[in-house]
Amino acid sequence: MKTAAQHWDEWQQQRAPGRFTDWGDHPFAFAQICENAFGDGGCDFIEYIRRCLPDLAQAHVLSLCCGDGAFEHALLQKGVFGRVTGFDVSAERVNAGNAVFAGQHEGAGAPNIHLECKDVNTAQYGTAQYDIVFAKSALHHIENLEHAFAQIARCLKPGGKLVTIDFFGPTRFQWTQEQLKVRSWFWRNRVPEELRQDRDGHEIPEIERPDVQAMVAMDPSEAVRSGDLYALLKQYFAPSQDIALGGSLVNLLLYGAIVNNFDPAIETHNAVIREAFSLERLLMDLGVLGSDFRLIIAEPLARPAPPPGLRKRLAKLWSAGAE
Ligand SMILES: C[S@@+](CC[C@H](N)C(=O)[O-])C[C@H]1O[C@@H](n2cnc3c(N)ncnc32)[C@H](O)[C@@H]1O
């Protein structure tokens, strides 16, 4: 079995520029996500963060599971934040990012972004030293969420915030019955035949729940406790913004390599994606589907809520003692 670090080291080495890896890479799907989330096609995540947090041009940010730090670098270049420290478990990703930043800042002093090879499950993040903790596509890779949330709360300065854009859907991608049913109906009835074929013209099979053992063998960090993430986050933090980004149908529709079948330059392909977003929104409004992705801005609670079940366990203990 590979470690998460080994998987992500290999991922960094094998990156294929120009290929989409998931639904968020597809420009038309991304524009739809932004339009639905922010009600404004011209507003993306960076712009939305700037609007919500306008006074952070000097802020020091800790980014968890930062990969090669490309998104954080864009936030710095646009003046949203002032300085970034990043943690990622993959040395390949961290080194690749630091090499790019050093090259870009040559002769202009130290870059205002530095990535460190650290495991977010076990690392000490520091005490009252960051204005923001940023986590994009990050927390769903973390198994020891209790450690991460306590460390985030501890490393933030008073008034500091957690900003996360993440996958909160089923642990290990064990899609709900409803998700699989809706995806299957949409795939068979609304997706043209040519989009349902792979490059060799073979019919692409329908989506199933992945085999958990195989998933763990490939990347033990993938969606390791994503199903727990939302409820647990709210035990440690009070969200001021909590935007449902969807993905419970569209992410499955465009799953894996399939996203590359949809050419953003072809209107009929985009029309299929647009219809999937409309159906997803309707089913989310009706409560049939949840939102697998969210953008959350939150402040630590003064005293984290006790874990569920603790009160019951205590009551049991008291009544046992009284007998
Ligand atoms: C989906 S990528 C996201 C990278 C980046 N945040 C982005 O949005 O492009 C997940 C990242 O989490 C990192 N990762 C996985 N488990 C980790 C852990 N325990 N500690 C730190 N990083 C971890 C991986 O190396 C990978 O770079």
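FYI, side chains are in, hydrogens and waters are out, and symmetry mates aren't considered; it's all heavy atoms of this structure. Start at 1 with the first residue, then count along the sequence. Here the structure is a predicted model, which is why all the values come from computation and not from measurement. Counting starts at 1 for both ligands and their atoms, following the listed order.
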Review point. Are Arg183 and Trp185 in a cation-pi setup, meaning NZ or CZ lies under 6.0 angstrom from the ring centre and within 45 degrees of the ring axis?
Key: no
**Study point:** Cation-pi geometry met for Lys136 and Phe134 (6.0 Å, 45°)
**Key:**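 Lys136 over Phe134 ring: no.
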Revision key, fill the gap. Value for CZ (Arg281) from CG (Asn36), rounded to nearest 0.5 Å, stands at 5.0 Å
Review point. Should the proximity of Cys66 to ligand 1, defined as any heavy atom under 4.0 Å, be assigned to the side chain, the backbone, both, or neither?
Key: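 It is the backbone that touches ligand 1; the side chain stays farther off.
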Exercise for review: Tell me which part of Glu143 gets within contact of ligand 1: side chain, backbone, both or neither, using heavy atoms under 4.0 Å.
Suggested key: neither
Check your understanding: Are any non-hydrogen side-chain atoms of Tyr125 and Val120 less than 4.5 angstrom apart?
Key -> yes
**Study point:** Parallel, tilted or perpendicular: ring planes of His26 versus Phe28, cut at 30 and 60 degrees
**Key:** perpendicular
Review point. Any idea how Tyr48 and Phe38 line up, ring-wise: parallel (<30°), tilted (30 to 60°), or perpendicular (>60°)?
Key: parallel
Residue and atom name of the nearest protein heavy atom (relative to [atom]), distance in Å to one decimal:
atom: atom 3 (C) of ligand 1; value: Ser137 O, 3.3 Å
atom: atom 22 (N) of ligand 1; value: Val89 N, 3.1 Å
atom: atom 11 (C) of ligand 1; value: Asp88 OD2, 3.7 Å
atom: atom 20 (N) of ligand 1; value: Val120 N, 2.9 Å
atom: atom 18 (C) of ligand 1; value: Asp119 OD1, 3.6 Å
atom: atom 2 (S) of ligand 1; value: Trp8 CH2, 3.6 Å
atom: atom 8 (O) of ligand 1; value: Lys136 NZ, 2.6 Å

Review point. Between the side chains of Glu194 and Asn261, is a donor N or O closer than 3.5 angstrom to an acceptor N or O?
Key: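 Asn261 and Glu194 do not have a side-chain donor-acceptor pair below 3.5 Å.
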Check your understanding: With a 3.5 Å cut-off and no angle check, do the side chains of Arg209 and Gln174 form a donor-acceptor pair?
Key ->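 Looking only at side-chain atoms, Gln174 and Arg209 do not form any donor-acceptor pair under 3.5 Å.
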Review point. Would Phe149 and Phe237 count as a ring-ring contact (aromatic ring centres under 6.0 Å, His included) if you check the C-alpha gap in whole Å, the side-chain angles of each, and the deciding distance to 0.1 Å?
Key: CA-CA 8 Å; Phe149 287 150; Phe237 300 91; 5.6 Å; yes
Under 4.0 Å from a heavy atom of [X]: give me the atoms of ligand 1 that qualify, with their elements.
X: Ser221; answer: 15 (C), 16 (N)
X: Ile142; answer: 18 (C), 19 (N)
X: His141; answer: 1 (C), 10 (C), 15 (C), 16 (N)
X: Lys118; answer: 20 (N), 21 (C)
X: Asn121; answer: 19 (N)

Review point. Within the structure, does Cys65 bring an N/O atom to less than 3.5 angstrom of an N/O atom in ligand 1?
Key: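 Min N/O separation from ligand 1 is below 3.5 Å for Cys65.
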**Study point:** Polar side-chain atom of Arg83 near backbone of Asn112 as donor-acceptor pair, under 3.5 Å
**Key:** no
